[in-house]
Amino acid sequence: MMFFLFPSQNFKSTEKQAQLKPKDPEKTSGALINVVKHLSNLKFRVWENMQEILQYTPVTLDPNTAHPDLHLSDDLTAVEDRKQRSSLPDNPERFDKWECVLGSEGFNSGTHCWDVQVGDSDDGWSLGVIPESVTRKGISFWGSVWRLYYVFGEYQIRCPGQPVLSFTPKEKLQRLRVQLDWDRGKVTFIDLLTNTHLLTITHTFTERVLPFFWNRSVHPLRILPVKTSVTVEQHS
C-alpha cells in the first residue's frame, strides 16, 4: 500500500477553494434585442421597402389576342414584330391580318390612362382603344378603332365616322400617354417628354373598350410602369 503526503499549505488552499461559492454571472447592459424596432408594423415596413423593386403597369397585354408575328415580353408589357410567325391557335379573339394586340382588361366607366414608349420605329405603330365586341379577323376592325397612327414620319388621328386628321409634332414622339374618359367620351393623347396635349377624340361610348396596340417594327412598344406609394390614413 502506497501513501501520498501533501504539504499542509497546499491542502489548506485546495480546501478553501472547494468551499467558495460560484460568482453570479455579470449582467450586461443593453443585451436585449430591440424587438419593437425589428417587428413593429413588420408587414408595412416590408411593403414600404419593396416599393423600390416592385413595378406596376395599369395595362398589360393579352397574348390570346396577339397576331402570330408578334412577340410579347414575359411580363406582358412590351410587344415587337419579329417577322417570324408562331404556331398559335386561331381562336376568335386573335388578330390574323394585322400585327395587333389588345390590353387584357377593358373599361366601361371611369377615367384610365397608360403610358407607352414607342421608341424609334419608322415602320409603323398605333395606340388607342377598340370596342370589345368588334371582330379581330380580317381588316374590318380598323373602322372601329379610336387611335393615334404613325407610319413613315406621318402622324394621324383616325376614328370612326370622322375624317383623318394629320398633325406634325415639334419633335418625334417617344413617349405617349393614352387617357380614356369613358363617361365623357374622350380619348386624349399626350406627349410625355414635353408634357404637351396633342389631340383629343370625342365619342359617345356605349360598350366596354380595350386598349389597342399595333406594331410592325422590331422596336418594341413598351407600356411604362407607374410609381406606387404607401400612405397611412389617420382615423379621427
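- Ring-plane geometry between Trp114 and Phe107 is classed as parallel, the angle between the planes falling under 30 degrees on a 0 to 90 degree scale with a further cut at 60.
- Under the 3.5 Å distance criterion, the side-chain polar atoms of Arg222 are left unmatched by any main-chain donor or acceptor of Gln117.
- Applying ring-ring contact (aromatic ring centres under 6.0 Å, His included) to Tyr149 and the options Trp125, Trp214, Phe212 leaves one that passes, Trp214.
- There is a path of hydrophobic side-chain contacts, each under 4.5 Å, that joins Leu127 to Val59.
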side-chain contact (heavy atoms from CB on, under 4.5 Å) for Leu198 and Ile190? Distances and angles first, verdict last. CA-CA 5 Å; Leu198 298 173; Ile190 299 171; 5.9 Å; no
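- Contact annotation: the side chain of His203 never approaches that of Cys159 to less than 4.5 Å [non-hydrogen atoms, C-beta and beyond].
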side-chain contact (heavy atoms from CB on, under 4.5 Å), that's the test. Do Val178 and Val187 meet it? Break it down for me. CA-CA 7 Å; Val178 183; Val187 182; 4.2 Å; yes
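- Placement of Leu173 and Tyr150 within a single hydrophobic cluster is found when ILVMFWY residues are connected by side-chain heavy-atom separations under 4.5 Å, directly or transitively.
- The closest donor-acceptor contact from the side chain of Asn91 to the backbone of Asn64 lies under 3.5 Å.
- Side-chain atoms of Val116 and Leu224, non-hydrogen and from C-beta on, never get closer than 4.5 Å to each other.
- Hydrophobic cluster membership differs between Leu193 and Phe189, with clusters built from Ile, Leu, Val, Met, Phe, Trp and Tyr side chains linked at under 4.5 angstrom.
- Taking the six-membered ring where the residue is Trp, Phe205 and Trp182 present parallel rings, their angle staying beneath 30° rather than reaching 60°.
- Here the side chain of Ser217 pairs a donor or acceptor atom with the backbone of His219 at under 3.5 angstrom.
- Atoms OG and CZ, from Ser166 and Arg158 in turn, are 8.0 Å apart once rounded to the nearest 0.5 Å.
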Full working for salt bridge (Lys or Arg N to Asp or Glu O under 4.0 Å) between Lys137 and Asp90: CA-CA 10 Å; Lys137 305 302 182 184; Asp90 187 23; 2.6 Å; yes
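- Across all their heavy atoms, His67 and Lys97 have their closest contact at CD2-N, 3.8 Å.
- The structure places CZ of Arg177 at 8.0 Å from CG of Asn195, a figure rounded to the nearest 0.5 Å.
- Defined by atom type and a distance below 3.5 Å, a donor-acceptor pair is missing between the side-chain atoms of Arg82 and Gln84.
- No donor-acceptor distance shorter than 3.5 angstrom exists from the side chain of Ser104 to the backbone of Asp62, with no hydrogens or angles considered.
- For the pair Arg136 and Thr65, the minimum side-chain heavy-atom distance is below 4.5 Å.
- Hydrophobic cluster membership is shared by Leu72 and Phe213, with clusters built from Ile, Leu, Val, Met, Phe, Trp and Tyr side chains linked at under 4.5 angstrom.
- Rounding to the nearest 0.5 angstrom, the gap separating the CD atom in Glu99 from the CD atom in Glu80 is 13.0 Å.
- The nearest pair of heavy atoms linking Arg94 to Pro89 is NE-O, 2.9 Å.
- Classification of the Phe141-Phe95 ring pair by plane angle, with boundaries at 30° and 60°, yields perpendicular.
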Check the pair Thr77 / Asp75 against side chain to side chain donor-acceptor pair (under 3.5 Å), numbers first and verdict last. CA-CA 6 Å; Thr77 63; Asp75 61 0; 2.8 Å; yes
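- Here the side chains of Lys186 and Leu180 are not in contact, with every heavy-atom distance at 4.5 Å or above.
- In this structure the side chain of Arg85 reaches within 4.5 angstrom of the side chain of Pro68, judged on heavy atoms.
- To the nearest 0.5 Å, atoms CD1 (Ile157) and OG1 (Thr200) are separated by 8.5 Å.
- Interatomic distance, CG of Leu102 versus CD of Glu93, reported as 10.0 Å (0.5 Å rounding).
- Hydrophobic cluster membership differs between Val218 and Val79, with clusters built from Ile, Leu, Val, Met, Phe, Trp and Tyr side chains linked at under 4.5 angstrom.
- Residues Asp115 and Leu176 form no side-chain contact, since every pair of their non-hydrogen atoms from C-beta on lies 4.5 Å or further apart.
- Remark: the Ser133 side chain and the Glu207 side chain contain an N/O donor-acceptor pair separated by less than 3.5 Å.
- Closest of all the heavy-atom pairs between Ser140 and Thr135 is OG-CG2, 3.8 Å.
- When all heavy atoms of Leu70 and Cys100 are compared, the pair lying nearest together is CD1-O, 3.4 Å.
- Here Lys83 pairs with Asp81 under the salt bridge (charged side-chain N to carboxylate O under 4.0 Å, His left out) rule; sequence neighbours left out.
- Lys172 and Gly119 make their closest contact through CE-O, 4.4 Å (heavy atoms, listed as atom of the first residue, atom of the second, distance).
- The two residues Thr188 and His197 come nearest to each other via the heavy atoms CG2-CD2, 3.4 Å.
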Intermediate values then yes/no, side chain to side chain donor-acceptor pair (under 3.5 Å), Thr194 and Asp191: CA-CA 6 Å; Thr194 61; Asp191 180 359; 3.0 Å; yes
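- Counting heavy atoms from C-beta outward, Gln156 and Val164 have side chains that approach closer than 4.5 Å.
- Atom CD of Gln174 has more than 12 heavy atoms from other residues, nucleotides or ligands within 6.0 Å.
- A 4.5 Å side-chain heavy-atom check between Ser126 and Leu148 finds every atom pair outside the cut-off.
- In this structure, CD1 on Ile223 lies 8.0 Å from OG on Ser73, to the nearest 0.5 angstrom.
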